[in-house]
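What follows is a single structure, written as structure tokens, with notes after it.
Atoms within a ligand are numbered from 1 in the order they appear, just like the ligands themselves. All heavy atoms count here, side chains included; hydrogens, waters and symmetry mates do not. Because the structure is a prediction, the values reported are computed rather than measured.
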Amino acid sequence: MAQKTYTLHVAGVTRELPIVKISDDLAIASFVILGDTELVCAAAAQLVKKLPPVDILVTAEAKGIPLVFEMSRLLGMKRYIVARKSIKPYMESPIVDEVVSITTQKKQILCLDHNDASLVKGRRVAIIDDVISTGESVQAVERLVTKAGGIVVAKAAILAEGDAAQRNDIIFLEKLPLFPLK
Ligand SMILES: O=P(O)(O)OC[C@H]1O[C@H](OP(=O)(O)OP(=O)(O)O)[C@H](O)[C@@H]1O
């Protein structure tokens, strides 16, 4: 493959994303915001401006966590909710669902602790992630939130990858192409 990186410009920040093969016929530009304080803060500031009025933000472990932290801080929210990918002993009566994302490509569970579920009940929820690609992850979080009695009023990500960029039901800052190998 000739192209080894993809130059991403988002929220005034530029990053060279490594292009990595994830299957025989597909490569993706690897976008990892964990550890990237500059990018997370810049993107969070732009994303909060695009959100409708919401009461609470929910993300899925792991890469959405720094983003949702910063967005909740900017919005003056005292809490945010993280759907975890394994059930921990300290969780009480978790609500559980399953997901297969573009990067992980195997079934992962997603679960919401009972106490977190009670915080979304009857509230206006924005689901936040770093990237929306197949949409499976956001959809699984939406199922959890709905099961918990929350009302999903927005789904937002820094990037919409591949076909997700054509969706009109999500909020995003920039598009990210896929890199078919065949
Ligand atoms: O729209 P989708 O196809 O579901 O893909 C997007 C999801 O995939 C990535 O998570 P990943 O599975 O890599 O998990 P991680 O954040 O725990 O690394 C990314 O952070 C999104 O949550």
Numbered atoms and elements of ligand 1 in range of [X], under 4.0 angstrom, heavy atoms:
| X | result |
| --- | --- |
| T134 | 1 (O), 2 (P), 3 (O), 4 (O) |
| Q108 | 12 (O) |
| T104 | 11 (P), 12 (O), 13 (O), 14 (O) |

Among V141, L144, L110, the one residue meeting side chain to side chain contact (heavy atoms under 4.5 Å, CB included) with V99: L110
In this structure, which one of L39, T7, T5 forms a side chain to side chain contact (heavy atoms under 4.5 Å, CB included) with R15? L39
Identify, for [atom], the protein heavy atom at the shortest distance, and state residue, atom and that distance.
| atom | value |
| --- | --- |
| atom 20 (O) of ligand 1 | D130 OD1, 2.6 Å |
| atom 10 (O) of ligand 1 | K63 NZ, 3.5 Å |
| atom 9 (C) of ligand 1 | T103 OG1, 3.4 Å |
| atom 21 (C) of ligand 1 | D129 OD2, 3.3 Å |
| atom 6 (C) of ligand 1 | V131 O, 3.3 Å |
| atom 14 (O) of ligand 1 | K85 NZ, 2.8 Å |
| atom 7 (C) of ligand 1 | S137 OG, 3.4 Å |

Which is closest to atom 8 (O) of ligand 1 by heavy-atom distance: A83, S101, A62? S101
Would one find an N or O of [X], backbone or side chain, under 3.5 Å from an N or O of ligand 1?
| X | answer |
| --- | --- |
| I132 | no |
| V99 | no |
| I102 | yes |

V153 and V145: same hydrophobic cluster, using ILVMFWY side-chain contacts below 4.5 Å? no
Which atom pair, heavy atoms only, marks the closest approach of [X] to [Y]?
| X | Y | value |
| --- | --- | --- |
| V120 | A148 | CG2-CB, 3.5 Å |
| K175 | Y6 | O-OH, 4.2 Å |
| A60 | V82 | C-CG1, 4.5 Å |

Tell me whether K107 is salt-bridged to E98, with the criterion being a basic N under 4.0 Å from an acidic carboxylate O. yes
Is a donor from one side chain sitting under 3.5 angstrom from an acceptor on the other, for E136 and S101? no
Looking just at side-chain N and O atoms, do K21 and S23 make a donor-acceptor pair shorter than 3.5 Å? no
G135 touching ligand 1 at heavy-atom level, < 4.0 angstrom: yes
Heavy atoms from other residues, nucleotides or ligands near CG of N115 exceed 12 (cutoff 6.0 Å): yes
